[in-house]
Undergrad: 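Have a look at the structure that comes next, please.
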2 protein chains.
Amino acid sequence: MTSADSVPPVRLLLADDEHLIRGALAALLALEDDLVVVAEAATGPEALAMARAHRPDVAVLDLQMPGADGVKVATSLRTELPGCRVLIVTSHGRPGHLKRALEAGVRGFVPKTVSAQRLAEIIRTVHAGNRYVDPELAADAISAGDSPLTERETEILEYAADGAPVAEIAERAALSQGTVRNYLSSAVSKLGAENRHAAVRLARERGWV
Amino acid sequence: MTSADSVPPVRLLLADDEHLIRGALAALLALEDDLVVVAEAATGPEALAMARAHRPDVAVLDLQMPGADGVKVATSLRTELPGCRVLIVTSHGRPGHLKRALEAGVRGFVPKTVSAQRLAEIIRTVHAGNRYVDPELAADAISAGDSPLTERETEILEYAADGAPVAEIAERAALSQGTVRNYLSSAVSKLGAENRHAAVRLARERGWV
DNA sequence: CACTCCCCATGACAAATGTCAGAACCGGAG
DNA sequence: CTCCGGTTCTGACATTTGTCATGGGGAGTG
């Protein structure tokens, strides 16, 4: 399967905030002789800087990183380095994240439960210009569907996410308290939750916040 | 540094639900010739079974795993295989977890941000019978201090964690609603939170739930 | 142009929640 | 033995939240 001679190797950027995983991953991928890791990063901004400097063929990004998450990095990369394919790797595959990622032009989306061999194959697939989405995550995303919440409802729910009282949410959103309660109420009923806190939890699980 | 001849290698059990990381870690640790990975597991119960079957010298456990978390596994291991040292590796180092881990007889506690070389050294340290706790996590744990909550307050706060209304908590805890509200109220005031949901968040951050 | 959907607001009511005082029981510390 | 703190309860009260009806304005569609 691996190329024997003149084909140039796929140049990779690896971004993950966990040094242990990043290093281990780099070591494993280096075993494949058609792949070469040309840069590593621990944060979103760092990944962006590294990408600019090294112009990799494929960027393998962790979804959760300090600074800017994988999807944000992918969005920036799309305009700055259109030739660079992006592959997102994640621990917690929330359905909504997949959708956001695909909208950001990400070419691949896989959970960290795959094996290294599998990942190497997927990197090749993505590099060849194809897409790859983990079937399990895809199924979850389809069954979860789109967020039924409007923009404002989502925004208010986000403000409510850390347990802030209505008064504080209203202030932060520059709305009246009544309006905030209306939005929360409709969000709660749309999600079929018992109260707004359960609603926050549900929306989080589905990746809608 | 690595042993040249007759010293038997340290036998390791690796447990992490993320195949990618577990495999990569195994590969990296295999590079050290005084370490050998004798078993791998993806869940808590599996880790326990593997430990019984292979009797490793050191168990390297992820904190969050399906089935039973690292601390629970460590507790069981302590009685079943007293000779087996336990090292916990984690992504999100919550102060309270460290304390619980140490109480469970864990010998080492490190974040996944360390490098593989460092991890190998720490494995040797732990195997030699010493303890190792990441200085950063230790500092956090000290500054966060002990939980000010009583057992019941903690229990009720846990029931409240997923946004359940008081009536439901009362039923699940077999208490009157008034009592539940009293416990919640005192927990909220002890934590200096605005309401119980913020209290839950705070307690979570500090690892007290 | 009517219709619909989202945005924003108000007011009023019902339900849930937070707070407080008081009181009984139990176990451990002094 | 007495005092203290944790557990459990009740009842009462103020506050917060959830729900609903109703209204106006703007954007987009048939």
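Residue numbers start from 1 in every chain, and the chains themselves are labelled A, B, ... in the order their sequence lines are given, proteins ahead of strands.
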Undergrad: Provide, to the nearest angstrom, the distance between the CD atom belonging to B:Glu171 and the P atom belonging to C:dA16.
TA: 14 Å
Undergrad: Nearest-Å distance, CD (B:Glu168) to C1' (C:dA16)?
TA: 14 Å
Undergrad: To the nearest Å, give me how far apart OH (A:Tyr183) and C1' (C:dA9) are.
TA: 9 Å
Undergrad: Tell me whether B:Arg131 contacts the main-chain N or O of B:Gly108 through its side chain, where contact means a donor paired with an acceptor under 3.5 Å.
TA: no
Undergrad: Could you check how far CG of A:Asn182 sits from C1' of D:dT19, rounded to whole Å?
TA: 9 Å
Undergrad: Check the phosphate of C:dC6 against A:Arg152, side-chain N and O only, distance under 4.0 Å to OP1 or OP2. Yes or no?
TA: no
Undergrad: Nearest whole angstrom, please: distance from the C1' of C:dT17 to the CD1 of B:Ile156.
TA: 15 Å
Undergrad: At 10 degrees resolution, what angle do the end axes of the helix from C:dC1-D:dG30 to C:dG30-D:dC1 form when each is taken over five base pairs?
TA: 30°
Undergrad: Could you tell me whether the phosphate oxygens of C:dA9, OP1 or OP2, come under 4.0 Å of any side-chain nitrogen or oxygen in A:Thr179?
TA: yes
Undergrad: More than 12 heavy atoms of other residues, nucleotides or ligands under 6.0 Å from CZ of B:Arg201: yes or no?
TA: yes
Undergrad: Output all residues satisfying ring pair (Phe, Tyr, Trp, His ring centres under 6.0 Å) with B:His197, sequence neighbours left out; order by chain, then residue number.
TA: A:His197
Undergrad: Go through the steps for A:Arg100 and A:Glu103 under the test salt bridge (Lys or Arg N to Asp or Glu O under 4.0 Å), then give the verdict.
TA: CA-CA 5 Å; A:Arg100 279 198 304 128; A:Glu103 277 161 8; over 6 Å; no
Undergrad: For B:Arg181, answer base if it contacts any base atom (sugar-phosphate contacts may also be present), sugar-phosphate if it contacts only those atoms, and nothing otherwise; contact means non-hydrogen atoms under 4.0 Å.
TA: base
Undergrad: From the options C:dC7, D:dG18, C:dT17, select the nucleotide whose nearest atom is closest to the side chain of A:Leu184.
TA: D:dG18
Undergrad: How many whole angstroms separate atom CD of A:Glu153 from atom P of D:dT19?
TA: 13 Å
Undergrad: Less than 4.0 angstrom between a side-chain N/O of B:Ser185 and OP1 or OP2 of C:dT17, yes or no?
TA: no
Undergrad: Starting from C1' on D:dG18, measure out to NE2 on B:His197 and report it in whole angstrom.
TA: 12 Å
Undergrad: Under 4.0 Å between a side-chain N/O of B:Thr150 and OP1 or OP2 of D:dG5, yes or no?
TA: no
Undergrad: Apply side-chain hydrogen bond (donor to acceptor under 3.5 Å, both in side chains) to the pair B:Thr179 and B:Ser176, showing each step before the final yes or no.
TA: CA-CA 5 Å; B:Thr179 307; B:Ser176 85; 2.9 Å; yes
Undergrad: For A:Asp16 and B:Lys112: C-alpha separation, side-chain torsions, deciding distance, then whether salt bridge (Lys or Arg N to Asp or Glu O under 4.0 Å) applies.
TA: CA-CA 11 Å; A:Asp16 193 315; B:Lys112 280 184 181 167; over 6 Å; no
Undergrad: Would a distance-only check, ignoring hydrogens and angles, find a side-chain to backbone donor-acceptor pair under 3.5 Å from A:Asp134 to A:Leu137?
TA: yes
Undergrad: Separation of B:Ile169 atom CD1 from C:dA16 atom C1', in whole Å?
TA: 11 Å
Undergrad: If you count every heavy atom of other residues, nucleotides or ligands that lies below 6.0 Å from A:Arg78 atom CZ, does the total exceed 12?
TA: no
Undergrad: Checking A:Arg85 side chain against A:Val58 main chain: does a donor-acceptor pair fall under 3.5 Å?
TA: no
Undergrad: Is there a residue in residues 188-196 of chain B whose heavy atoms reach under 4.0 Å of DNA chain C, and which residues are they?
TA: B:Asn195, B:Arg196
